[in-house]
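To start, the structure itself, in structure tokens.
Because the structure is a prediction, the values reported are computed rather than measured. Along the sequence shown, residues carry numbers from 1.
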Amino acid sequence: MNRFEEVITRKGTRSVKWDMAEQLYQDKEVLPMWVADMDFKTPEAVMDALKKRVDHGIFGYTIPDDLVKDHLSDWLKTRHSWNIDTDWISYSPGVIPSLHMIIQSLTEIGDHILIQTPVYPPFYSVVKSHGRHVVKNPLILNGGQYEIDFNDFEQKIKENHVTMFILCSPHNPVGRVWTKDELEKMSEICLKHNVTIVSDEIHADLVLGSHTHIPIASLSEEANQNTITCFSPTKTFNLAGLQASYVVTANEKMKKALDKQFNNQGMFMLNTLGITAMEAAYKHGAEWLGELKEILESHRDYVVERFHEETSTIKVIPNEGTYLLWLDCRELNLSQKELKSFMQKKAKVGLNDGASFGDEGEGFMRMNLAAPRSIVEDGVNRIIQAVQEHE
């Protein structure tokens, strides 16, 4: 059996995605396709490395040494054509903790921070929870693809005296992989108006088809000095529970301030097993990742085709990256509350509420495709049957 076809029961493992589903949706029959982790086993090389480390039996304080940094920099060079100095690397338990630290260390209370909506919900909370203000540059849905309104982007920066821009690249939930031209325009505007770029690139490795991920910091030396980039192997290799990520910035002043904030908050160590998994994944995971991307692309094409052929009221925004699909359900003519109830009670599929990504997400739902084909097919069948009965 193909390793991506095996259905592995996750109930009873304290899984957020599966064990919280009944509590969240009040129905044990709901199929969870929401939280952004995968229902696939991590690469065997990672499991072998973890087993070997566990067999050692001692789990004292652990540091990621220079060899770990070398694996990270080699990965960025090989996969994303970006040559970094290992001194630019700082460690964090996750991208969201990193965003909290970055905002606290590099902005002031009352500052305005730009985000592109609809967007991953924590982008709102990491700004608001520290007394900063959210400024929205809504993405434009044009012909089935989201685009950036650059006039609005620059105008919002000028009008609100924006000091920081949090970029989601590739974008969650709309699945865009930004082109070099788009990245250059955003970088140029930010440099022009002295806006620091914080780029969440946690989905960088999950780019599908002919699309290419370009780290925005790699565009030029000016962009490099103006950007802080957040990476992690957790989405790529399904390691979210091991909590290991890293931040890359070439700007010495920004890195010093960020490292100070990490230390002030006691975030100066990584989980012992997280380090082990991260090193093994970057050292040995390339072949597994190639197979995964083929599976995700196949799943996407399957879902797009099924919805296109069998219903006219749900339109899929094909994702260029990530394993998340953005479903346009507006033609069902339901309120957001009714749409959530429809998916949960009629289709019995647990999806992410589009409105949680901002007002621009109303009428949409997000579906996780990172599961064996049988689970994906089950979810699609349930939704299509409910939609056809509704129509």
[X] and [Y]: side chain donor to acceptor below 3.5 Å:
X    : Y    : result
D27  : Q344 : no
T229 : T227 : no
S298 : R373 : yes
W34  : D353 : no
S90  : D259 : yes
S232 : S245 : no
S169 : E201 : no
N172 : R366 : yes
H100 : H130 : yes
W18  : D39  : yes

Do [X] and [Y] come within less than 4.5 Å of each other through their side chains, counting heavy atoms only?
X    : Y    : answer
L242 : L50  : yes
Y120 : P173 : no
H213 : P215 : yes
F59  : R53  : yes
N319 : W326 : no
I103 : I166 : yes
L369 : L324 : no

Should we count [atom1] of [X] as having more than 12 external heavy atoms under 6.0 Å?
X    : atom1 : result
E159 : CD    : yes
Q145 : CD    : yes
D85  : CG    : yes
L67  : CG    : yes

Any donor-acceptor pair under 3.5 Å linking the side chain of [X] with the backbone of [Y]?
X    : Y    : value
E377 : S374 : no
N224 : S218 : no
N251 : Q225 : yes
E320 : V177 : yes
Q388 : E310 : yes
K17  : A36  : no
S125 : P122 : yes
N238 : K41  : no
D328 : K315 : no
T311 : F307 : no

Could you report the tightest heavy-atom contact between [X] and [Y], atom names first, then the distance?
X    : Y    : value
N83  : K77  : OD1-CD, 3.1 Å
L76  : I84  : CD1-CD1, 3.7 Å
I295 : F40  : CG2-CZ, 4.2 Å
F237 : P43  : CD2-CG, 3.7 Å
V134 : Y124 : CG2-O, 4.1 Å
H80  : A204 : CE1-O, 3.4 Å

Connected via hydrophobic side-chain network under 4.5 Å: [X] and [Y]:
X    : Y    : value
V30  : M343 : no
Y25  : I383 : no
M254 : L114 : no

Ionic contact status for [Y] with [X], cut-off 4.0 Å:
X    : Y    : answer
E147 : R176 : no
K255 : E252 : no
D111 : R132 : no
D37  : R10  : yes
E389 : K346 : no
R382 : D378 : yes

**Message:** Checking L139 against E360 for the side chain to side chain contact (heavy atoms under 4.5 Å, CB included) test, could you report, in this order, the C-alpha distance in whole Å, the side-chain angles of both residues, the deciding distance, and whether it holds?
**Reply:** CA-CA 9 Å; L139 299 173; E360 296 80 8; over 6 Å; no

**Request:** Would you check, one step at a time, whether the test side chain to side chain contact (heavy atoms under 4.5 Å, CB included) holds for F262 with L258?
**Result:** CA-CA 6 Å; F262 275 130; L258 179 58; 3.5 Å; yes

**Message:** Between E184 and S187, is the side-chain hydrogen bond (donor to acceptor under 3.5 Å, both in side chains) condition met? List the steps.
**Reply:** CA-CA 5 Å; E184 286 177 339; S187 180; over 6 Å; no

**Request:** Evaluate side chain to side chain contact (heavy atoms under 4.5 Å, CB included) for N368 paired with V35, printing each intermediate quantity in order.
**Result:** CA-CA 7 Å; N368 183 341; V35 173; 5.7 Å; no

**Asked** Run the side chain to side chain contact (heavy atoms under 4.5 Å, CB included) check on F364 and C329 step by step: do they pass?
**Response** CA-CA 5 Å; F364 293 79; C329 307; over 6 Å; no

**Asked** For the residue pair H133 and H112, does the interplanar ring angle fall in the parallel (under 30°), tilted (30 to 60°) or perpendicular (over 60°) class?
**Response**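 Rings of H133 and H112: tilted, 30 to 60°.
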
List the atom pairs, donor and acceptor, that lie under 3.5 Å between side-chain atoms in residues 268-282 and the rest of the protein, sequence neighbours left out.
from, atom 1, to, atom 2, distance (Å)
N271, OD1, L273, N, 2.7
N271, OD1, G274, N, 3.1
T272, OG1, G60, O, 3.4
T272, OG1, T62, OG1, 2.7
T276, OG1, T272, O, 3.1
Y282, OH, Y246, OH, 3.2

**Message:** For F165 together with F153, are the ring centres under 6.0 Å from each other?
**Reply:**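 When the ring centroids of F153 and F165 are compared, they turn out to be within the sub-6.0 Å range.
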
**Request:** Give a yes or no on whether the ring-centroid distance for H171 and Y146 is below 6.0 angstrom.
**Result:**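 When the ring centroids of H171 and Y146 are compared, they turn out to be at least 6.0 Å apart.
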
Could you pull out every donor-acceptor pair under 3.5 Å between side chains of residues 283-292 and any protein atom, sequence neighbours left out?
from, atom 1, to, atom 2, distance (Å)
E291, OE1, R3, NE, 3.0
E291, OE1, R3, NH2, 2.9
E291, OE2, R3, NH2, 3.1

**Distance in Å, S199 OG paired with L183 CG, rounded so as to fall on 0.5 Å steps** =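 So the gap between those two atoms works out to 8.0 Å.
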
**Message:** Just to verify, what does H308 make a ring pair (Phe, Tyr, Trp, His ring centres under 6.0 Å) with, not counting sequence neighbours?
**Reply:**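 H308: no ring pair (Phe, Tyr, Trp, His ring centres under 6.0 Å) contacts found.
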
